[in-house]
Peer 1: 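Sharing a structure, written as structure tokens. Questions coming.
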Amino acid sequence: MPELPEVETIARGLHARVRGKRIATIGISWQRTVDARSLPLSALAGKQINGVTRIGKFVAIELSGGFTLAVHLRMTGRLLVGSPNVQVHAHERARITFRDASVLTFSDARKFGRMRLLRGDAAAQLAVGRDPLDPQLTSNDLKEMMAGRRTPVKVWLLDQRRLSGIGNIYASEALFFAGIRPRRAAGRLTSAECAGLLKSLRLVLRRAIRSGGSSLNDYVDSEGKEGSFQKQFSVYGRSGLHCLQCRGPVRRIVLAQRSTFYCSTCQR
DNA sequence: CCGTTGCCCTGCCAGC
DNA sequence: TGCTGGCAGGGCAACG
């Protein structure tokens, strides 16, 4: 479910609510929630939270001692801060209890989400690519990364080892604003198209962050509130409806087993 | 190396 | 109403 804007919203909310707290205990109620490569979670006891950031689509909970607890929410994961006596709710997979008795719960209906405790350079160990909102990233970088790739540009955008944070929704939305058809081979975009694509990605992602993300089925922020960007989708989920620019029909195709939406008039 | 496919899981909804 | 098949925003391993 969550892509960059949703994870950013969650990370900011958590940062405000758990920074400075010290961990007392952690309990795991679905063992596979813990990534096989994780350091033992027993190391969490006594650690203090220095802050919460986003690395790609990971929520990165930075801890004392150089540790990071990286949480990937996948499709249905939620991280919620609760009062001391918060009930065990449906789909709860893990629970951190702080010394002040407040709790941070991880719930995940589909059990795809994972937590991984790391020490040292988290971004490197998580193998995430460049962040589209990183001001250091240029359209030239984008062009170089796509050079020679025959993969459809929409599929390329979903590869987290190149750019990180873009998922199925924002890939379609950004390509619409850039006027680029999703099936175009990534390596064949012109310099101007790469520049337009990077601009569109940033525009869409920033707008979505401002709306608190998009809520379709499961997404809520760290306080349980839904985002509203789903009301502003231009093409995503709008197959058969009219394009907001040209009034023509929005089309749905499947690329790499993912629904992809575009306007065949506005996108070339 | 590159690109594609199947699979991990559960919930929801349309259609019968 | 009840069942079933298809679908969901992600990512990884296995395969050709």
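In the text below, chain A, chain B and the rest are named by the order of the sequence lines, each starting its count at 1.
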Peer 1: Should A:K21 and A:D100 count as an ion pair when the cut-off is N to O under 4.0 Å?
Peer 2: yes
Peer 1: Between A:R93 and A:Q257, just flag the one whose closest nucleotide in DNA chain B comes earlier from the 5' side.
Peer 2: A:Q257
Peer 1: Show, in sequence, the C-alpha distance, side-chain angles and deciding distance for A:S259 and A:R252, and conclude whether the side-chain hydrogen bond (donor to acceptor under 3.5 Å, both in side chains) test is met.
Peer 2: CA-CA 7 Å; A:S259 292; A:R252 173 185 183 271; 2.8 Å; yes
Peer 1: Are there more than 12 heavy atoms of other residues, nucleotides or ligands under 6.0 Å from atom CZ of A:R268?
Peer 2: yes
Peer 1: Looking for any heavy atom pair under 4.0 Å, which part of the strands does A:Y170 touch: base, sugar-phosphate only, or nothing?
Peer 2: nothing
Peer 1: Quantified in whole Å, what is the P atom distance between nucleotide C:dC7 and nucleotide B:dT5?
Peer 2: 15 Å
Peer 1: Which whole number of Å gives the distance between the C1' atom of C:dC12 and that of B:dG11?
Peer 2: 23 Å
Peer 1: Find the distance A:R78:CZ to B:dC9:P and express it as a whole number of Å.
Peer 2: 21 Å
Peer 1: Starting the side chain at C-beta, find the nucleotide from C:dG10, B:dC8, C:dA8 nearest to A:N168.
Peer 2: C:dG10
Peer 1: Can A:R54 and A:D131 be counted as an ion pair, charged N to O under 4.0 angstrom?
Peer 2: yes
Peer 1: Taking the same atom, P, in C:dG9 and in B:dG3, what whole-Å distance lies between them?
Peer 2: 22 Å
Peer 1: Can you measure A:M75 atom CE to C:dC7 atom P for me and round it to whole angstrom units?
Peer 2: 13 Å
Peer 1: Can the positive tip of A:R207 be found less than 6.0 Å from the middle of the six-membered ring of A:F177, inside 45° of the ring normal?
Peer 2: yes
Peer 1: Tell me the interatomic distance from A:Y236, atom OH, to C:dC7, atom P, rounded to whole angstroms.
Peer 2: 13 Å
Peer 1: Which of the following nucleotides, B:dC2, C:dA8, C:dC12, is nearest to the side chain of A:R162?
Peer 2: B:dC2
Peer 1: Would you mind reading off the distance between A:H72 atom NE2 and C:dC12 atom P, rounded to a whole angstrom?
Peer 2: 7 Å
Peer 1: On DNA chain C, does the nearest nucleotide to A:L126 precede the nearest nucleotide to A:R110 from the 5' side, or the other way round? Give the residue.
Peer 2: A:R110
Peer 1: Does any part of the side chain of A:L197, heavy atoms only, come nearer than 4.5 Å to the side chain of A:L175, both counted from C-beta?
Peer 2: yes
Peer 1: Between B:dC8 atom P and A:K111 atom NZ, what is the distance in whole Å?
Peer 2: 13 Å
Peer 1: What is the distance, to the nearest angstrom, from the CG atom on A:D108 to the C1' atom on B:dT10?
Peer 2: 9 Å
Peer 1: Pick base, sugar-phosphate or nothing for A:Q160, based on heavy-atom distances below 4.0 Å to the nucleic acid.
Peer 2: sugar-phosphate
Peer 1: Checking contacts here: which listed nucleotide (B:dC9, B:dT5, C:dG11) is nearest the side-chain heavy atoms of A:K57?
Peer 2: C:dG11
Peer 1: Determine the contact category for A:R252: base if any of its heavy atoms lies under 4.0 Å from a base atom, sugar-phosphate if only primed atoms, P, OP1 or OP2 are that close, otherwise nothing.
Peer 2: sugar-phosphate
Peer 1: With rounding to the nearest 0.5 angstrom, report the OH to CZ distance, A:Y170 to A:F233.
Peer 2: 5.5 Å
Peer 1: Is the distance from OP1 or OP2 of B:dC9 to the nearest side-chain N or O of A:H91 less than 4.0 Å?
Peer 2: no
Peer 1: May I have the distance from A:K154 (atom NZ) to C:dG10 (atom C1'), rounded to whole angstrom?
Peer 2: 11 Å
Peer 1: Please determine, for the side chain of A:I169, which listed nucleotide (C:dG9, C:dG10, B:dT10) has the closest atom?
Peer 2: C:dG9
Peer 1: Please name the nucleotide paired to C:dG2 by Watson-Crick or G-U wobble geometry with both distances under 3.5 Å, or report none.
Peer 2: B:dC16
Peer 1: Between B:dG6 and C:dG6, how far apart are the two P atoms, rounded to whole Å?
Peer 2: 14 Å
Peer 1: Any stacking of A:F112 on C:dG11, going by centres under 5.5 angstrom and planes within less than 30 degrees?
Peer 2: no
Peer 1: Less than 4.0 angstrom between a side-chain N/O of A:T76 and OP1 or OP2 of C:dA8, yes or no?
Peer 2: no
Peer 1: Choose from C:dG9, B:dG6, B:dC9 the nucleotide whose nearest atom is closest to any side-chain atom of A:R32.
Peer 2: B:dC9
Peer 1: What is the distance, rounded to the nearest whole Å, between atom CG of A:L205 and atom P of C:dG9?
Peer 2: 17 Å
Peer 1: Does any N or O donor sit under 3.5 Å from an N or O acceptor when you compare the side chain of A:R258 with the base of C:dG9?
Peer 2: no
